[in-house]
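Because the structure is predicted, anything quoted here is derived from the model rather than measured. First listed ligand is number 1; within each ligand, the first listed atom is number 1.
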Amino acid sequence: MAIMITSECINCGACEPECPNNAIYEGGAEWVLGGKTYGESQLPDGMADGFWSAEYFYVVPEKCTECKGFFDEPQCVAVCPVDCCIPDPNREETTDVLLKRKEYLDTVGR
Ligand code: SF4
């Protein structure tokens, strides 16, 4: 499953530079996939919303591979000082799905 950041986030920013998929963005920031920029209400076709935050760092689920393909454990989880990076219970995904996502991101760009 993708990682999500809860409202316990203190906006320290430790996670963002550690993400190999560029899946983490500061609250209120636009995000990028495949060279295109999206905002709060702009989503690629078929992507579920509900992840964007104006107040604290957020993870774009369709860019998170739980660090599969790069590291043995999710890097944001490892560095977060308040343990607010947690598995998203609404986005359970198999390792196969996560590795296919990495391949997709390799192709389209992060
Ligand atoms: Fe990025 Fe890895 Fe955290 Fe997913 S688990 S948001 S890929 S650092």
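When distances to atom 1 (Fe) of ligand 1 are checked against a cut-off of 2.8 Å, Cys15 contributes no N, O or S atom below that limit. Note on Cys64: not counted as a metal contact of atom 3 (Fe) of ligand 1, no N/O/S atom lying under 2.8 Å. None of the N, O or S atoms belonging to Cys76 lies under 2.8 Å away from atom 2 (Fe) of ligand 1.
When side chains are defined from C-beta on, Lys63 counts as touching Tyr25, because their heavy atoms get closer than 4.5 Å. For the pair Asn90 and Met4, the minimum side-chain heavy-atom distance is 4.5 Å or more. Within the 4.5 Å cutoff, no side-chain heavy atoms of Glu18 are placed close to those of Glu16. By the 4.5 Å heavy-atom criterion applied to side chains, Lys102 and Arg110 are counted as neighbours. The shortest distance between side-chain heavy atoms of Ile3 and Val77 falls below 4.5 Å. Side-chain atoms of Pro20 and Cys67, non-hydrogen and from C-beta on, do get closer than 4.5 Å to each other. Using a 4.5 Å cut-off on side-chain heavy atoms (C-beta onward), Ile5 and Ile24 make contact. Under the 4.5 Å side-chain criterion, counting only non-hydrogen atoms from C-beta, Cys12 is in contact with Pro81.
Atom 2 (Fe) of ligand 1 has its closest protein heavy atom at Cys67 SG, 2.3 Å. Looking at atom 7 (S) of ligand 1, its nearest protein heavy atom turns out to be Asn21 ND2, 3.4 Å. Closest to atom 1 (Fe) of ligand 1 among all protein heavy atoms lies Cys19 SG, 2.3 Å.
Within the listing of ligand 1, atoms 7 (S) sit less than 4.0 angstrom from a heavy atom of Thr65. Every atom of ligand 1 is numbered from 1 in the order shown, and the set under 4.0 Å from a heavy atom of Val59 is 6 (S). Close contacts of ligand 1 with Ile3, meaning ligand atoms under 4.0 Å from a residue heavy atom, involve 5 (S). Residue Glu66 approaches ligand 1 through these ligand atoms, each under 4.0 Å from one of its heavy atoms: 2 (Fe), 4 (Fe), 5 (S). When each atom of ligand 1 is checked for a heavy atom of Ile24 under 4.0 Å away, the hits are 6 (S). Each of the following atoms of ligand 1 lies closer than 4.0 Å to a heavy atom of Pro74: 5 (S).
Exactly one residue among Phe51, Tyr58, Trp52, Phe57 makes a ring pair (Phe, Tyr, Trp, His ring centres under 6.0 Å) with Trp31. That residue is Phe51.
Within the 4.0 Å heavy-atom criterion, neither part of Val77 lies near ligand 1.
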